[in-house]
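A, B, ... follow the sequence lines: proteins, then strands. Residue 1 opens every chain.
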Amino acid sequence: MPYDPKRIEPRWQATWREHATFRAEIDPRKPKYYVLDMFPYPSGAGLHVGHPKGYIATDVLARFKRMRGFSVLHPMGWDAFGLPAEQYAIETGTHPRVTTRRNIETFKRQIDALGFSYDWSREIDTTDPGYYRWTQWIFCKLFERGLAYEAEVAVNWCPALGTVLANEEVIDGKSERGGHPVVRLPMKQWMLRITAYADRLIADLDGVDWPEPIKKMQRDWIGRSEGAQLRFPVADHTDLAIEVFTTRPDTLFGATYMVLAPEHALVGVITTPAQRSAVAAYVEAAARRSERARVADAKTKTGVATGAFAVNPGSGERIPIWIADYVLAGYGTGAIMAVPAHDERDFEFAGQWGLPIRKVVDVKGQELPSTGEGVSVASGFISGLPTAQAKRRIIDWIESESHGKGAVTYKLRDWLFSRQRYWGEPFPVLHLEDGSVKLVGESELPLRLPELDDFRPVGDRETPLERATDWIVTTDPATGRPARRDRNTMPQWAGSCWYFLRFVDPRNDTAPFSPEAERYWMPVDLYVGGAEHAVLHLLYARFWHKVLYDLGLVHTVEPFQKLVNQGMILGASYRYFDDNISDDPSVNPRRYSFREVRASGEGSVASSDGRPVRARFVPNDQVQHSGDGGFQHASIPGLELEEVIEKMSKSRGNVVNPDEVVAEFGADSLRLYELFLGPIDKEAPWTTEGILGVFRFLQRSWRLLVDEDAPGEPARSLPEGIGTPAQARLLATTVQGVSDDVEAMRFNTAIAKLMVFVRDIARDAPIARDAADAFVRLLAPFAPHIAEELWERLGHRESIAYAPWPAADPALLVAETVTIAVQVNGKRRAEVEVAANAGDDALRAAALADANVQRHLEGRTPRKVIVVKGRLVNIVI
RNA sequence: GCCCGGGUGGCGGAAUUGGUAGACGCGCUAGCCUCAGGAGCUAGUGAGGGAAACCUCGUGCUGGUUCGAAUCCAGUCCCGGGCACCA
């Protein structure tokens, strides 16, 4: 029987399911290994081949660790609250619960077909009241500790999405999802005090094994800066002072003016009558100016003088107070002392408005503006001090003179935690008539979402939950007094902030998880997911985990010991351009190939007449090779197409559905191919031809052990033992190499080594039984279905899932002879075969004896001979 | 603008971290097998020269260090990602 994945794979998947092969058990006799994928949002579109790449990698590790004797926790679940299901509900009236359930079914079916070793008995769905009960419970803990509070804050309101967004979800004034415009509005919102953990979120990064760039992004996001807070008295206003934050208090004597953000509270108070109209106009213009426009011309710094003056507490000078939008209202105190000599922005601004520039730090080799460290000059009592000392001295002075104090500020803001949506966790709180807020009792959790049949927001800036009147209006069970429920829900991040903890004990209904399970399984040993979660999800989850640590509920400060970001799988799409910008179906568009088009501003234009054009993506079945290596349209003659390799997406028509790949080549081939493509953390393009290579490898592996033409024969009859010395050595190096590669997640080279084994093992003699046994075990983590099948055919009764991983005989890893390269003046001239333990003299002799080497020496005596044992000999003449 | 990655055959990628560049795979070429094959098997495949033995060149570019550089250093050019007036 030939290799037939369609017969093998469903059979073994069913066997694993029936025997609960992958159920994770707490086993104190075994070391544990917790390997986790970032759980997906089950979208309606289903999976494409890019999604499972990380899941394949973690599955290989999970299976490998099981065979190495670890008790492995490898779970999967669904991050199922979120906007798309709600949007779909608004459009169609289908309840998000229905959509969510359907999507989960599709995802689960697709994932299951790939033969992953998940413990499905631990499946989690964040929308399950049995789960979000504990999400609400954790919120209560946050509230009790003063880490959740309501505040009237200027929020990012997105009219198109009908909700507020966290700062992190807004990019260039547009929503991260969908790119809709966002406006700033004051609203009462739930906030989480993540800033209280800022220092620990930075410090504890040192202890985790994460990619350095990700750590750096988190540190930058938190944006800690040390310096001083300083008060500058406003001249002629005895009771007013402007608070500023600076990281360079040592430059105080060089502060020649001040700048307030246009939104600063003092602007209206201190502006002189003469400047009032100019200032008012500027403030209004700044408020209207979009984020994008402000960033776009960051080069020119606009501003206007208030007419007021402040007193520099260092020099005692009167310095003018300006307003300008290059000072951000939201950072520090919304005001700065401007030191044009030592800050590029202040330097530009001063140059533009003719403000004085005073050098107070001598920085070697730098002209003004010099922002580096140096030695203070013209700065009174700190003159002559190097920057670090000058900072300390002046902070001491500031504090003793009560001008301010040493201070630390962060870029990180408190986390805006409420959304004006339906499909999320309700807040477990009651709003009482006196304006106070109290938690609902723990016994009343979960506070379930009320049923609705209309999911649209009510009016402007209101929430869909407003429609559930008899849910909103309630009484406080403790006092019987009237109360209202919160009309907001939690953001999608909430459920993913702690799901990795629920997995350790997912059916517990008296606690979020038991201390025993947490102590055994946590922390996550390996966490794999996309780099797009580098900041948000990982920062939020770490924050919650630290709060739980402070509550004594978890025993490690960090949840994820090792983090790996898998690279994307890219798809090829093919495009041309046309001038039908408005997508009008009635016009007959003029078409252009990519050669007739150039980029211009936001879009593309035809090179010939400069008219705007739009890219059109062609379905793959309409793409033909055009002989010269290019591509052309199948049904529009002469239309040249451009190949674009990019992220798979529906709109590009470049998605590859794993179902089709599995149907044609099987799950084992898909798994092997995605790993074989290259390093796990790099992106790589998918090609349909490429998968043939790994499919052939599996066929060869099959034929190595199964005689296809012998019906009824489960496997070839193999000689006992380990085979010839050469075979034994090949096995040993393969075992060693594959083991090392898997441990280091170098899956591509591990597979290459398995291919070499299959190619060479039966070259001179049939493969021996022990070698076959070992090979199938090496193959098992990568291609588990074919491995189970072969394992059974080799006569084993138990699943290969827990068969012990083979060990390499160290004696066999040392080759008897080695091939040494011989160089003359650094150029390779020969290879000689010598005994592996040959000494330097023997190597030298062997090298000099070679005919080609002698030819290049041309009778000259070597000046120097460099011998590298086991590698090469270099003869220098 | 700043900060990270990364530039190796026609393509995806290897290279024990300073020691035979191109493992493995795709594609391509030739042969075998086959009624047939987008199947299978065998061999070849960086470029140029040469019947061959071999020779020259070759890891984005320009220099440098070294017996020896894809790997280290300096400069420079591209590509991808992140941040973007954070005081």
Side-chain angles (χ1 to χ4, degrees), chain A residues 2 171-172 211-214 216-217 220-221 223-225 227 244-248 251 255 259 261 294-295 297-299 301 324-328 330-339 342-346 348-349 371 409-412 531-532 534-535 567-568 570 629 645-646 672-673 676-679 681-697 699-700 703 708 737 740 746 748-756 759 819-831 851-852 855-856 862-877:
Chain A
I171 294 164
D172 285 349
E212 271 316 311
I214 301 285
K216 188 174 183 308
M217 280 167 72
D220 289 351
W221 191 268
R224 179 192 157 98
S225 41
V244 300
F245 173 77
T246 176
T247 55
R248 293 294 300 271
T251 62
V259 186
R294 281 172 67 152
V295 173
D297 50 29
K299 284 261 148 46
K301 294 210 165 14
D325 66 1
Y326 83 90
V327 173
L328 308 175
Y331 185 76
T333 61
I336 60 158
M337 64 176 212
V339 186
H342 306 291
D343 181 283
E344 284 169 22
R345 297 151 300 178
D346 297 343
E348 266 176 52
F349 189 81
T371 54
T409 58
Y410 302 91
K411 239 165 83 178
L412 183 70
E532 66 272 21
V535 178
M568 271 187 297
L570 309 176
I645 307 279
E646 58 193 354
L672 279 171
Y673 180 58
F676 188 60
L677 231 33
D681 54 346
K682 298 261 163 52
E683 54 188 35
W686 178 277
T687 64
T688 310
E689 307 83 59
I691 198 170
L692 272 172
V694 294
F695 183 62
R696 285 182 194 134
F697 161 66
Q699 290 185 81
R700 281 188 209 114
R703 283 196 300 266
E708 294 182 339
D740 292 347
R746 293 185 300 253
N748 52 333
T749 52
I751 293 167
K753 290 180 174 94
L754 291 172
M755 288 173 165
V756 170
R759 184 191 64 191
T819 308
I820 299 287
V822 183
Q823 299 180 334
V824 178
N825 282 341
K827 290 192 175 171
R828 187 171 63 91
R829 295 302 178 190
E831 282 176 6
N852 203 38
R855 200 163 65 79
H856 281 92
R863 275 200 294 132
K864 193 171 169 188
V865 179
I866 291 135
V867 179
V868 183
K869 212 165 176 305
R871 294 257 170 250
L872 58 62
V873 176
N874 189 10
I875 300 162
V876 186
I877 52 174

(request) Measure from the side-chain heavy atoms of A/Ala821 and tell me the nearest of B/G27, B/C4, B/U20. (result) B/U20

(message) Within the 4.0 Å heavy-atom criterion, would you say A/Val756 contacts the bases, only the backbone, or no part of the nucleic acid?
(response) sugar-phosphate

(message) If I pick the P atom on B/G27 and the same atom on B/G12, what distance separates them, to the nearest angstrom?
(response) 15 Å

(request) Check the chi torsion on B/U66 and let me know: syn if it falls within 90° of 0, anti if not. (result) anti

(request) Provide, to the nearest angstrom, the distance between the CD1 atom belonging to A/Ile875 and the C1' atom belonging to B/G68. (result) 13 Å

(message) Taking the nucleotide of RNA chain B with the nearest heavy atom to each, does A/Ile820 or A/Tyr331 sit closer to the 5' end?
(response) A/Ile820

(message) Measure CH2/A/Trp221 against P/B/G82 and give the value in whole Å, please.
(response) 12 Å

(message) Base, sugar-phosphate or nothing for A/His342? Non-hydrogen atoms, less than 4.0 Å.
(response) nothing

(request) Look up atom NE2 in A/His342 and atom OG1 in A/Thr251, then write down how far apart they are to the nearest 0.5 Å. (result) 7.0 Å

(message) Give me the distance, rounded to whole Å, that separates B/C79 from B/U8 when you measure between the P atoms they each carry.
(response) 14 Å

(request) Using a cut-off of strictly less than 4.0 Å, decide whether A/Ser225 has a side-chain nitrogen or oxygen near OP1 or OP2 of B/A87. (result) yes

(message) In whole Å, I'd like the distance from the CZ atom of A/Phe697 to the P atom of B/C26.
(response) 12 Å

(message) If the test is side-chain contact (heavy atoms from CB on, under 4.5 Å), which one of A/Thr819, A/Leu872, A/Val822 qualifies with A/Glu831?
(response) A/Thr819

(request) Under a 3.5 Å limit for both distances, which nucleotide forms a Watson-Crick or G-U wobble pair with B/C11, could you say? (result) B/G25

(request) Would you indicate which nucleotide in B/C24, B/A87, B/U20 comes nearest to any side-chain atom of A/Met755? (result) B/C24

(message) Looking at A/Arg871 and B/U16, is any side-chain donor or acceptor paired with a base atom of the opposite kind under 3.5 Å?
(response) yes

(request) Indicate syn or anti for B/G48, taking the glycosidic torsion and treating anything within 90° of 0 as syn. (result) anti

(message) Tell me whether the side-chain N/O atoms of A/Arg829 come closer than 4.0 Å to OP1 or OP2 in B/U20.
(response) no

(request) Output the single nucleotide from B/G13, B/A87, B/C67 whose closest atom is nearest the side chain of A/Val876. (result) B/C67

(message) Please confirm whether the shortest side-chain N or O distance from A/Arg224 to OP1 or OP2 of B/A87 is below 4.0 Å.
(response) no

(request) Just call it for A/Arg863: base, sugar-phosphate, or nothing, with non-hydrogen atoms closer than 4.0 Å on any strand. (result) nothing

(message) Checking base pairs now: Watson-Crick or wobble, both atom distances under 3.5 Å. What partners B/A70?
(response) none

(message) Quick check against the 3.5 Å criterion: does A/Arg248 have a side-chain atom that pairs as donor or acceptor with the backbone of A/Thr371?
(response) yes

(request) In whole angstrom, give me the gap between the P atoms of B/C61 and B/G10. (result) 14 Å

(message) For the backbone of A/Thr687 and the side chain of A/Tyr673, can you confirm whether one donor and one acceptor N or O come within less than 3.5 Å of each other?
(response) yes

(request) Would you mind classifying the nucleic acid contact of A/Glu831 as base, sugar-phosphate or nothing, using non-hydrogen atoms under 4.0 angstrom? (result) base

(message) Let's test this: given Watson-Crick or G-U wobble pairing with both distances under 3.5 Å, identify the partner of B/U42.
(response) B/A30

(request) Check the distance between B/G1's C1' and A/Glu348's CD and give it to me in whole angstrom. (result) 11 Å

(request) Using a heavy-atom cut-off of under 4.0 Å over every strand shown, decide if A/Leu677 touches base, sugar-phosphate, or nothing. (result) sugar-phosphate

(message) Taking the nucleotide of RNA chain B with the nearest heavy atom to each, does A/Arg855 or A/Phe695 sit closer to the 5' end?
(response) A/Phe695

(request) Report which part of the nucleic acid A/Arg746 touches: base, sugar-phosphate, or nothing (heavy-atom distance under 4.0 Å, all strands). (result) nothing

(message) Give me the distance, rounded to whole Å, that separates B/C78 from B/U45 when you measure between the P atoms they each carry.
(response) 37 Å

(request) Report the base-pairing partner of B/G80 (Watson-Crick or G-U wobble, both distances below 3.5 angstrom), or none. (result) B/C4

(request) Sort out the partner of B/U17 for me: Watson-Crick or G-U wobble, both distances under 3.5 Å, none otherwise. (result) none

(message) Any side-chain N or O of A/Arg828 below 4.0 angstrom from OP1/OP2 of B/G68?
(response) no

(message) Please determine whether a side-chain nitrogen or oxygen atom of A/Lys827 lies at a distance below 4.0 Å from atom OP1 or OP2 of B/C57.
(response) yes

(message) Taking only the C1' atom of each, what is the distance from B/G80 to B/A74 in whole angstrom?
(response) 25 Å

(request) Tell me whether B/A52 sits syn or anti, counting syn as a glycosidic angle within 90° of 0. (result) anti

(request) May I ask you to verify if any side-chain N or O of A/Asn874 is less than 4.0 angstrom from the OP1 or OP2 atom of B/U66? (result) no

(request) Give the minimum heavy-atom separation between A/Thr247 and A/Ser225, together with the two atoms involved. (result) CG2-CB, 3.7 Å

(message) Less than 4.0 angstrom between a side-chain N/O of A/Arg696 and OP1 or OP2 of B/C26, yes or no?
(response) yes

(request) Report the C-alpha separation of A/His856 and A/Asn825 in whole Å, then their side-chain angles, then the decisive distance to 0.1 Å, and conclude whether the side-chain contact (heavy atoms from CB on, under 4.5 Å) test is met. (result) CA-CA 10 Å; A/His856 281 92; A/Asn825 282 341; over 6 Å; no

(message) Under 4.0 Å, heavy atoms only, any strand: does A/Lys216 hit a base, just the sugar-phosphate, or nothing?
(response) sugar-phosphate

(request) Would you indicate which nucleotide in B/G19, B/C85, B/G12 comes nearest to any side-chain atom of A/Asp325? (result) B/C85

(message) Distance check, P atoms only: B/U20 and B/C72, in whole angstrom units.
(response) 16 Å

(request) Enter the distance from A/Gln823:CD to A/Arg871:CZ here, rounded to the nearest 0.5 Å. (result) 12.5 Å

(message) From CD1 of A/Ile866 over to C1' of B/G18, roughly how many Å is that when rounded to an integer?
(response) 12 Å

(message) At 4.0 Å (heavy atoms only), tell me whether A/Asp346 reaches a base, stays on the sugar-phosphate, or touches nothing.
(response) nothing

(request) Let me know the distance between CE of A/Met217 and P of B/A84, rounded to the nearest Å. (result) 10 Å

(message) Would you measure the distance from the C1' atom in B/C54 across to the matching atom in B/C67 and give it in whole Å?
(response) 24 Å

(message) Nearest to the A/Gln823 side chain among B/G19, B/G12, B/C55, which nucleotide is it?
(response) B/G19

(request) Return the value, rounded to whole Å, for the distance between atom CD of A/Glu683 and atom C1' of B/G81. (result) 9 Å

(request) Return the nucleotide paired to B/C35: Watson-Crick means purine N1 to pyrimidine N3 with N6-O4 or O6-N4, wobble means G-U with N1-O2 and O6-N3, both under 3.5 Å. (result) none

(request) Show your working on side-chain contact (heavy atoms from CB on, under 4.5 Å) between A/Lys753 and A/Val756 and close with a plain yes or no. (result) CA-CA 5 Å; A/Lys753 290 180 174 94; A/Val756 170; 5.6 Å; no

(request) Answer yes or no: are there more than 12 heavy-atom neighbours, outside A/Glu646 itself, under 6.0 Å from its atom CD? (result) yes

(request) Let me know the distance between CG of A/Asp220 and P of B/C85, rounded to the nearest Å. (result) 14 Å

(request) For B/G49 versus B/G58, give the span between their C1' atoms, rounded off to a whole number of Å. (result) 15 Å

(request) Please state whether the phosphate of B/G68, meaning OP1 or OP2, lies under 4.0 angstrom from any side-chain nitrogen or oxygen of A/Asn825. (result) no

(request) Enter the distance from A/Phe695:CZ to A/Leu672:CG here, rounded to the nearest 0.5 Å. (result) 11.5 Å

(message) Given the structure, check if the side chain of A/Lys301 and the base of B/C85 hold any donor-acceptor pair shorter than 3.5 Å.
(response) yes

